[in-house]
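Proteins come first, then strands; the chains are lettered A, B, ... in the order of their sequence lines, and each starts at number 1.
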2 protein chains.
Amino acid sequence: MHFEFNERDGCKACPIRHRAVCARCDEDELIILEGMKSYKTIEQGEPIIWRGDELQHISSVVSGIASLSRTLEDGRTQVVGLLLPSDFIGSPGRETVDFDVTAVTDVTLCRFERKSFEKLVQDVPHIAQRVMEMALDELNAAREWMVLLGRKTAREKIATFIEMVIRRDNVPVHADEPHILPLTREEIANFLGLTLETVSRQLSSMKKDGILTFADRRKFTVLDLAALQEETGDDADGGMIV
Amino acid sequence: MHFEFNERDGCKACPIRHRAVCARCDEDELIILEGMKSYKTIEQGEPIIWRGDELQHISSVVSGIASLSRTLEDGRTQVVGLLLPSDFIGSPGRETVDFDVTAVTDVTLCRFERKSFEKLVQDVPHIAQRVMEMALDELNAAREWMVLLGRKTAREKIATFIEMVIRRDNVPVHADEPHILPLTREEIANFLGLTLETVSRQLSSMKKDGILTFADRRKFTVLDLAALQEETGDDADGGMIV
DNA sequence: CAGAAACTTTGACCCAGATCAATATCGATG
DNA sequence: CATCGATATTGATCTGGGTCAAAGTTTCTG
């Protein structure tokens, strides 16, 4: 059984093609991948899997946004990450999830039976390498977020969050289309370690300061990107040495 | 050139043997590993590498403790992780580090020329798998820490930190030897997203409440483990479903 | 072993952001 | 299109932890 990796023309039907995690789509390979995958849709607001639940599948987000979060006994909730299309739910080698996973929007998942996925990781070297790279990227993002949670002010947190949102759906150049906040005020608060009132106040304040405008609760446009970036608390150049 | 993986008797001289990241120590393998590694010692308090610096080596901590941190322009610092023996500095596929790495104690590193290490990751499937597992573990730990930073009170943060320290050097059973705080008050503060005064006050308060005693600034004993764990804010059973 | 530098504790006060509360707006539903 | 529940805004007040300041320890150095 031979597997090879090919980034360029990964199999069209294979969801681990996202982020180019895919073995060469010759017949052998396709059979295995086809045999073990299944799709599932979860409605907005519904839980996908709870912390501690046994992982039957490793899934990849095909469309929509899911959140990873932890809630303390008294209800305090911290969102520790957002899962966007191509992100995985569950990791090879783990039998349970350590965080609650919830559909923030309607979410479509492509699921692999966990054992098969783990076998794939073992048999196809480039898949382990890809998962490794993805994990390292996310680790970096998580650490970056730790700086925000531990040291940034409410205003800096909001500015950083908005900047992240507009960076994410990076419209070509100078498309003035409004951006969409993917989260409610409360979800933003739980992501930033704030209360929803503080989130609301900071957004209002940025509106007053002419940095943003809102067409409605979710739809906004950045009027002054430079000012926004100034407020994030990060180095202007994203940390490169000049 | 064939490589195989053997957890049990990984090569004694190979530092990536830590955490069992090691190929079978036949001659081919040894030559490669021996040829590319070098040791280096960094004194307590000295920087190991700065954020943005080009990574010449991937290193593994052999002894001592290093911290990963980020400092904002105005001096606010957040420690995003501690590197203990067997942890890596630098990741295959990255040309720079994204955080400052500092020696918290005297640190000995085992360094690999980066290109060679990356080649090794590509050539020896089990090494990529091992790095993948390590990255996934650290990702989990980072997310756990995000909950602490975003939602826990000062007292809960301190309790969690102390619990982490005693869990780390998990003395057999009932050894009443004192534990050692590996960090100064200021370093603890930067790790927990607090000020050093708050750290000091909380430690005093726990002393007053009979949870801890201090033999000196660094040396402490836990008098009431149950109470300590009660204060961490986490579920009693570490999150397992009962 | 004196004197200094580094680290820690403790106190007094203050403020960013939490909490509590009232109102306003949106969007779904019959 | 009126009603209701969910979501958001805004105001008033409170407080945990930050800030500023002054001792008190420990450790290093000559």
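Centroid-to-centroid, the aromatic rings of A:Phe88 and A:Phe112 stay 6.0 Å apart or farther.
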Polar atoms only, N or O, under 3.5 Å: list the protein pairs with nucleotides 27-30 of chain D and their distances.
none

List every contact pair, protein side and nucleotides 10-13 of chain D side both N or O, where the distance is under 3.5 Å.
from, atom 1, to, atom 2, distance (Å)
D:dT10, OP2, A:Ser204, OG, 2.7
D:dG11, N7, A:Arg201, NH1, 2.9
D:dG11, O6, A:Arg201, NH2, 3.2
D:dA12, N6, A:Arg201, NH2, 3.4

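Residue contacts shown for A:Thr195 include a base, since a base heavy atom lies under 4.0 Å away. Among the heavy atoms of the strands, none lies under 4.0 Å from B:Gly45.
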Apply side-chain contact (heavy atoms from CB on, under 4.5 Å) to residues A:Met164 and A:Glu144 and explain how you reach the verdict. CA-CA 12 Å; A:Met164 194 192 89; A:Glu144 208 84 42; over 6 Å; no

Do B:Ser69 and B:Thr77 pass the side-chain hydrogen bond (donor to acceptor under 3.5 Å, both in side chains) test, and can you show the C-alpha distance, the side-chain angles, and the key distance before you say yes or no? CA-CA 7 Å; B:Ser69 67; B:Thr77 298; over 6 Å; no

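Figure legend: A:Arg51 and A:Phe99 shown without cation-pi pairing, the cationic atom not lying both under 6.0 angstrom from the six-membered ring centre and within 45 degrees of its axis. By the 6.0 Å and 45° rule, B:Arg94 does not stack over the aromatic ring of B:Phe117.
Atom CZ of A:Phe220 is separated from atom C1' of D:dA8 by 17 Å (rounded to the nearest Å). For the pair B:Lys152 NZ and D:dG17 P, the computed distance is 13 Å after rounding to whole Å. The interatomic distance linking B:Phe214 (CZ) with D:dT25 (P) rounds to 16 Å, in whole Å. Between the P atom of D:dG18 and the CZ atom of B:Arg76 lies a distance of 13 Å, rounded to the nearest Å. Here D:dG17 presents its P atom at 14 Å from CG of B:Leu203, a figure rounded to the nearest Å. In this structure, the NZ atom of B:Lys157 is 14 Å from the P atom of D:dG16, given to the nearest Å. Separating the CZ atom of B:Arg155 from the P atom of D:dG16 is a distance of 13 Å, rounded to the nearest angstrom.
Between the CG atom of B:Leu72 and the CD atom of B:Gln78 there is a distance of 9.0 Å, given to the nearest 0.5 Å. The distance from atom CZ of A:Phe161 to atom CG of A:Leu192, rounded to the nearest 0.5 Å, is 6.5 Å.
Checked for salt-bridge contact, A:Lys219 and A:Glu177 miss the test: no charged N lies under 4.0 Å from a carboxylate O.
End-to-end axis angle of the helix from C:dC1-D:dG30 to C:dG30-D:dC1, using five pairs per end and rounding to 10°, comes to 40°.
Along DNA chain C, read 5' to 3', the first and last nucleotides having any atom under 4.0 Å from a heavy atom of chain B are C:dC7 to C:dA12.
Residue B:Glu186 qualifies as open at atom CD: its count of foreign heavy atoms under 6.0 Å is 12 or below.
Qualifying salt bridge (Lys or Arg N to Asp or Glu O under 4.0 Å) partners for B:Asp106, counting only residues two or more places apart in sequence or in other chains: none.
Shown are A:Thr160, A:Thr198, A:Asp209; of these, the side-chain hydrogen bond (donor to acceptor under 3.5 Å, both in side chains) with A:Arg155 is made only by A:Asp209.
Between the A:Gln229 side chain and the A:Ala226 main chain, no donor and acceptor come within less than 3.5 Å of each other. The backbone N or O of A:Arg185 sits nowhere less than 3.5 Å from a side-chain atom of A:Arg217 that would complete a donor-acceptor pair.
Listed by first then second residue, pairs satisfying ring pair (Phe, Tyr, Trp, His ring centres under 6.0 Å) with a partner in residues 186-211 of chain A read A:Trp145-A:Phe191, not counting sequence neighbours.
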